[in-house]
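Heavy-atom basis, side chains included; hydrogens, waters and symmetry copies ignored.
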Amino acid sequence: MSYYRIREVSFNGKESFSAIRTVIFDKDKTVFTIFPNPKIQVSPLSIHTNWTEQYTFNIFDATGKRVYTRTCKGNIELDNVDLPSGFYLYECATTQDKVTGKLVVP
């Protein structure tokens, strides 16, 4: 369980605080890790997840164009992900869940 509040400081130095909010993290929630990130050109891209069902893994470039797609199940190592330097978005999706994130290729 974590507690959060926002502190706002005006240009004149006056402070104000939001109400305190509680966030409870569910241990059974989706775990999804992609590494290495930043991706090293010669290394495979590894996906570790607690998903047991089949999912689709997509990578999109900065314009939103899909540059890689693969159907996966469980933990997997992808050897054939050859991307030029840049910033990418990834999406992993099942019929009921979706995880998105950023991938950097230096």
Side-chain angles (χ1 to χ4, degrees):
M1 183 180 302
S2 296
Y3 299 93
Y4 294 91
R5 72 175 177 179
I6 296 173
R7 175 181 165 220
E8 179 183 24
V9 180
S10 300
F11 288 113
N12 66 6
K14 183 180 175 187
E15 292 182 335
S16 62
F17 294 90
S18 70
I20 295 173
R21 301 288 185 222
T22 305
V23 177
I24 300 173
F25 295 97
D26 186 356
K27 292 180 185 177
D28 296 329
K29 200 73 172 153
T30 299
V31 175
F32 214 96
T33 306
I34 294 180
F35 66 91
N37 192 4
K39 183 188 179 313
I40 302 166
Q41 289 288 354
V42 296
S43 68
L45 193 61
S46 297
I47 300 173
H48 285 241
T49 181
N50 63 352
W51 284 355
T52 55
E53 66 271 26
Q54 186 171 309
Y55 59 92
T56 303
F57 176 68
N58 294 303
I59 299 176
F60 302 93
D61 67 12
T63 66
K65 179 183 174 190
R66 183 172 41 205
V67 295
Y68 182 87
T69 188
R70 176 147 177 208
T71 301
C72 308
K73 188 168 183 178
N75 298 329
I76 192 163
E77 195 167 277
L78 305 170
D79 292 324
N80 59 345
V81 181
D82 187 24
L83 300 168
S85 296
F87 294 94
Y88 297 88
L89 297 175
Y90 67 83
E91 174 189 80
C92 302
T94 67
T95 56
Q96 298 178 352
D97 208 354
K98 184 191 301 186
V99 174
T100 59
K102 297 175 187 173
L103 178 65
V104 178
V105 179

Measuring from [X]:[atom1] to [Y]:[atom2], what's the distance to the nearest 0.5 Å?
| X | Y | atom1 | atom2 | result |
| --- | --- | --- | --- | --- |
| Ser16 | Arg5 | OG | CZ | 10.5 Å |
| Thr49 | Ile34 | OG1 | CD1 | 9.5 Å |
| Phe32 | Asn75 | CZ | CG | 9.0 Å |
| Trp51 | Thr94 | CH2 | OG1 | 5.0 Å |

Q | With sequence neighbours excluded, residues passing side-chain contact (heavy atoms from CB on, under 4.5 Å) with Thr22 | A | Met1, Tyr3, Ile24
Q: Tell me, please, which residues at least two apart from Arg7 pass side chain to side chain donor-acceptor pair (under 3.5 Å).
A: Glu15
(Q) Given 3.5 Å as the limit, does a donor-acceptor pair link the side chain of Ser10 with the main chain of Asn12, or not? (A) no
Q: Please test Phe57 against Leu45 for side chain to side chain contact (heavy atoms under 4.5 Å, CB included), starting from the C-alpha separation and ending with a verdict.
A: CA-CA 12 Å; Phe57 176 68; Leu45 193 61; 4.0 Å; yes
Heavy-atom closest pair, residues [X] and [Y]:
| X | Y | result |
| --- | --- | --- |
| Ser85 | Pro106 | OG-O, 2.7 Å |
| Leu103 | Pro36 | CD1-O, 4.3 Å |
| His48 | Phe35 | CD2-CE2, 3.3 Å |

Q.
Would you say CG of Asn80 has more than 12 non-hydrogen atoms from neighbouring residues, nucleotides or ligands within 6.0 angstrom?
A. yes
Q: Run the numbers on Ile47 and Leu78 for side chain to side chain contact (heavy atoms under 4.5 Å, CB included), then give the verdict.
A: CA-CA 8 Å; Ile47 300 173; Leu78 305 170; 3.9 Å; yes
**Q.** Flag side-chain contact, heavy atom, 4.5 Å: Lys39 against Val104
**A.** no
Q | Partners meeting salt bridge (charged side-chain N to carboxylate O under 4.0 Å, His left out) with Glu91 (sequence neighbours left out) | A | Lys98
Q) What about Tyr90 and Leu83, same hydrophobic cluster or not, with Ile/Leu/Val/Met/Phe/Trp/Tyr joined at side-chain heavy-atom distances under 4.5 Å? A) yes
Q: Could you please spell out the steps behind the side chain to side chain contact (heavy atoms under 4.5 Å, CB included) verdict for Val81 and Tyr88?
A: CA-CA 12 Å; Val81 181; Tyr88 297 88; over 6 Å; no
Q: Show your reasoning for whether side chain to side chain contact (heavy atoms under 4.5 Å, CB included) applies to Tyr55 and Ile76.
A: CA-CA 11 Å; Tyr55 59 92; Ile76 192 163; 3.7 Å; yes
